[in-house]
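Notes follow the structure.
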Amino acid sequence: MEAAGRVRVIKEPSKKGKKVVYWMQGAFRVHSNPSLEYAIRIANRIGLPLLVLVVLDLGYPEANYRSFKFFLEGLADVKEGLSSRGIALHLRKGEFEKILLEYVVDAHMLISDAAYLPVMRGLRDLVYRGAESGIIEVEPNVLVPVKVASDRMEYGAYTLRPKIRRLAPLYAGVFEAIKYKGERLDDVLDFEPSDHDKLLKGQVEYVHPCSAVGGSKQAFRILGEFLRNRYREFAELRGDPGVQAETELSPYLHFGHISPLQILEEAKRTGAPNGNYEALFEQLVVRRELAHNFTLYASRLDSPSKFIPGWAAETLKAHERDQRDYVYTLEELEAAKTHDRYWNAAQSELIERGKIHNYMRMYWGKKIMEWSETIEDAYEAMVYLNNKYALDGRDPNSYAGIGWCFGLHDRPFKERGIFGKVRYMSSEGLNRKFNMVYYLERVNNIGSDGRL
Ligand SMILES: Cc1cc2nc3c(=O)[nH]c(=O)nc-3n(C[C@H](O)[C@H](O)[C@H](O)COP(=O)(O)OP(=O)(O)OC[C@H]3O[C@@H](n4cnc5c(N)ncnc54)[C@H](O)[C@@H]3O)c2cc1C
């Protein structure tokens, strides 16, 4: 029996409804999904039929052809998985709020995935307010439920880590599939997930798709390949942009195609030296859940001055008029046309592959700060480029990663121009630490499968 806190009752039903609805919005998977298993348990217990609702809202903020295609690929696996478990799927196309309000009219219970970004939390509040059904929120995509881990915005990994470590054993393990015993309702399919061209062309901004394919099946294939070929080097080589040692799972984690708990369980089973498990836990749980903590408790994400620590805000303000040797427009940045070949390679990686190697992602952000007229311009450019091109964008990690460039979750360093006491990164530092020729070669040779 898992510890409390993953499931939260938002409200009890005010009248008896006709069905249980699981609104799948953060965890697009049918296995190891506590929201789905919880919905099945409730439907079985109260003897009402269950359906799973997925809404395709083409107005989703900052989404485009690239991200929608990846999302739709994931839905194909959801459709197949639910069918094999005898559970109805409603794939509806339209505005979230309008469609959700249709469903809560005669639902007895609405189960939903918790959200951590202001825009999706706001949407939930609107739906919850209009519902007569009961509402239950589940956190399917983190190891330790975010509010259980901490009731405040943490200063950094060093303050969250001990809390997570203490609670982790209570929440570890995968979720067993519960057999659904209720009536099989009809599917309602406004669209076929495989029709992405028909659904998206001319309807959403066109950003050319990456070769990475979305969905749980693909996530497991990549996990298997990582565990066989790269995991043993993860602790040692993950930080080196010249080497391919990362999991490559962030897009799948973003869409909930795979659960972090499953990744940890599979990693444990390999018997690889423990340092690798510790390194994976640090990224996948401590850092990732620090990002969730940040976006849940930050009141605003529209400007770094609203959330970075006082020392960082002060020092950046003190240096706001410092001379910038290079200033690039957003168009120049987007086109990867700067004087810096390492930065251009990182931007090309973002455009072609839909993500940047973690170390280069830090460098990418720091240089945008250095080459922008103002801190606000830099933040805007980073959010725009990251969320437009990254398959893992529009995530708590996006805002925490970008925020980190401005001093979030970090400490002061020796004072210098533009950055003040905020950490600085240089191309000389890259040359000192890594063989950057390998990184440039890797980006030049991005294959047709999008792999480096
Ligand atoms: C400017 C900037 C922007 C970023 N934008 C995003 C983003 O949009 N989406 C995103 O998922 N990550 C973002 N990150 C964090 C990090 O770069 C990526 O999570 C990581 O590179 C993803 O690749 P991977 O899955 O192969 O990572 P791995 O190294 O294999 O790590 C496994 C998992 O751990 C988590 N993780 C790894 N590094 C971090 C980190 N620094 N912070 C939080 N979680 C981490 C991710 O979920 C990742 O999938 C950003 C970082 C920076 C500096």
Side-chain angles (χ1 to χ4, degrees), residues 62 67 70 116-117 141-143 154 156-157 160-161 164 212 219 222-223 225-227 229-231 233-241 243-264 266-267 276-295 301 304 333 343 346-347 349-350 353-369 378-379 381-410 422-423 425 450-452:
E62 298 173 287
S67 45
F70 195 86
Y116 306 91
L117 291 179
N141 291 333
V142 289
L143 176 62
E154 293 290 335
L160 183 64
R161 191 178 298 112
I164 294 264
I222 293 172
L223 174 62
E225 192 193 286
F226 164 74
L227 293 175
N229 304 327
R230 307 193 291 279
Y231 180 44
E233 304 175 328
F234 187 73
E236 188 192 348
L237 296 178
R238 168 186 178 264
D240 185 339
V243 182
Q244 164 74 45
E246 300 178 294
T247 64
E248 302 294 348
L249 285 170
S250 53
Y252 300 91
L253 285 159
H254 169 69
F255 287 96
H257 294 160
I258 193 164
S259 140
L261 282 74
Q262 286 175 301
I263 300 173
L264 293 174
E266 296 291 326
N276 293 300
Y277 183 82
E278 291 305 317
L280 185 63
F281 189 92
E282 176 66 18
Q283 302 308 326
L284 185 64
V285 182
V286 177
R287 302 280 165 173
R288 185 166 173 274
E289 295 185 15
L290 179 64
H292 284 68
N293 166 281
F294 161 60
T295 57
L301 297 174
L333 293 172
W343 192 90
Q347 173 65 14
E349 197 192 343
L350 177 62
R353 233 166 49 92
K355 82 194 263 293
I356 310 179
H357 183 278
N358 179 55
Y359 202 92
M360 292 308 292
R361 214 163 186 171
M362 298 190 263
Y363 182 77
W364 174 86
K366 291 288 184 183
K367 289 295 152 189
I368 296 180
M369 274 178 79
Y379 184 75
M382 276 189 235
V383 171
Y384 170 80
L385 294 172
N386 190 83
N387 288 356
K388 177 171 176 182
Y389 292 104
L391 283 171
D392 59 12
R394 301 165 298 130
D395 189 89
N397 274 357
S398 318
Y399 294 93
I402 292 169
W404 174 87
C405 296
F406 298 84
L408 177 75
H409 299 149
D410 208 0
V422 170
R423 185 195 296 257
M425 287 173 79
R451 295 290 307 280
L452 281 174

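Start at 1 and go down the list; that is how both ligands and their atoms are numbered.
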In this structure, does ligand 1 have an atom that sits under 4.0 Å from one of the heavy atoms of [X]?
{"X": "Gly401", "value": "yes"}
{"X": "Glu248", "value": "yes"}
{"X": "Gly393", "value": "yes"}

Residue pair Trp364 / Asn386: nearest heavy atoms and the distance that separates them: CH2-N, 4.0 Å

Asp240 and Tyr359: CA distance, side-chain angles, deciding distance, side-chain contact (heavy atoms from CB on, under 4.5 Å) verdict: CA-CA 7 Å; Asp240 185 339; Tyr359 202 92; over 6 Å; no

Phe226 ring center near Phe234 ring center (under 6.0 Å): yes

Aromatic centroids of Phe255 and Phe70 separated by under 6.0 Å: yes

Salt bridge present between Glu248 and Arg230 (N-O < 4.0 angstrom): no

Nearest non-hydrogen protein atom, [atom]:
{"atom": "atom 42 (N) of ligand 1", "answer": "Arg287 CB, 3.7 Å"}
{"atom": "atom 4 (C) of ligand 1", "answer": "Arg361 NE, 3.3 Å"}
{"atom": "atom 28 (P) of ligand 1", "answer": "Thr247 OG1, 3.7 Å"}
{"atom": "atom 10 (C) of ligand 1", "answer": "Asn397 CB, 3.2 Å"}

Rounded to the nearest 0.5 Å, what separates atom [atom1] in [X] from atom [atom2] in [Y]?
{"X": "Glu246", "Y": "Gln283", "atom1": "CD", "atom2": "CD", "value": "9.0 Å"}
{"X": "Ile356", "Y": "Leu350", "atom1": "CD1", "atom2": "CG", "value": "4.5 Å"}
{"X": "Arg288", "Y": "Asn397", "atom1": "CZ", "atom2": "CG", "value": "6.5 Å"}

Aromatic ring pairing His292/Tyr116, orientation class (parallel under 30°, perpendicular over 60°, tilted between): perpendicular

Check ligand 1 against [X] and write out every atom of the ligand that is under 4.0 Å from a heavy-atom position of the residue.
{"X": "Lys355", "value": "22 (C), 23 (O), 24 (P), 26 (O)"}
{"X": "Leu253", "value": "47 (O), 49 (O)"}
{"X": "Arg288", "value": "43 (C), 44 (N), 47 (O)"}
{"X": "Met362", "value": "53 (C)"}
{"X": "Arg238", "value": "28 (P), 29 (O), 37 (C), 38 (N)"}
{"X": "Phe234", "value": "29 (O), 30 (O)"}

Below a 4.0 angstrom heavy-atom separation, can you tell me which part of [X], side chain or backbone, both or neither, approaches ligand 1?
{"X": "Ala390", "answer": "neither"}
{"X": "Ser250", "answer": "both"}
{"X": "His357", "answer": "neither"}
{"X": "Asn386", "answer": "side chain"}
{"X": "Asp392", "answer": "both"}

Does any N or O of ligand 1 fall below 3.5 Å from an N or O anywhere on [X], backbone included?
{"X": "Arg394", "value": "no"}
{"X": "Ser398", "value": "yes"}
{"X": "Trp364", "value": "no"}

For Asp410, salt bridge (charged side-chain N to carboxylate O under 4.0 Å, His left out) partners two or more places apart: Arg423

Flag if over 12 foreign heavy atoms under 6.0 Å of CD, Glu236: no

Quick one: which of [options] has a heavy atom closest to [atom]?
{"atom": "atom 17 (O) of ligand 1", "options": "Asn358, Leu391, Leu350, Ile258", "answer": "Asn358"}
{"atom": "atom 33 (C) of ligand 1", "options": "Leu284, Leu249, Asn141, Leu290", "answer": "Leu284"}
{"atom": "atom 45 (C) of ligand 1", "options": "Glu289, Met382, Gln283", "answer": "Gln283"}

Option from Met425, Arg361, Met369 for which side chain to side chain contact (heavy atoms under 4.5 Å, CB included) with Cys405 holds: Met369

Gln262: side-chain hydrogen bond (donor to acceptor under 3.5 Å, both in side chains) partners, not counting sequence neighbours: His31

Lys/Arg cation over aromatic Trp404: Lys366, 6.0 Å, 45° cone: yes

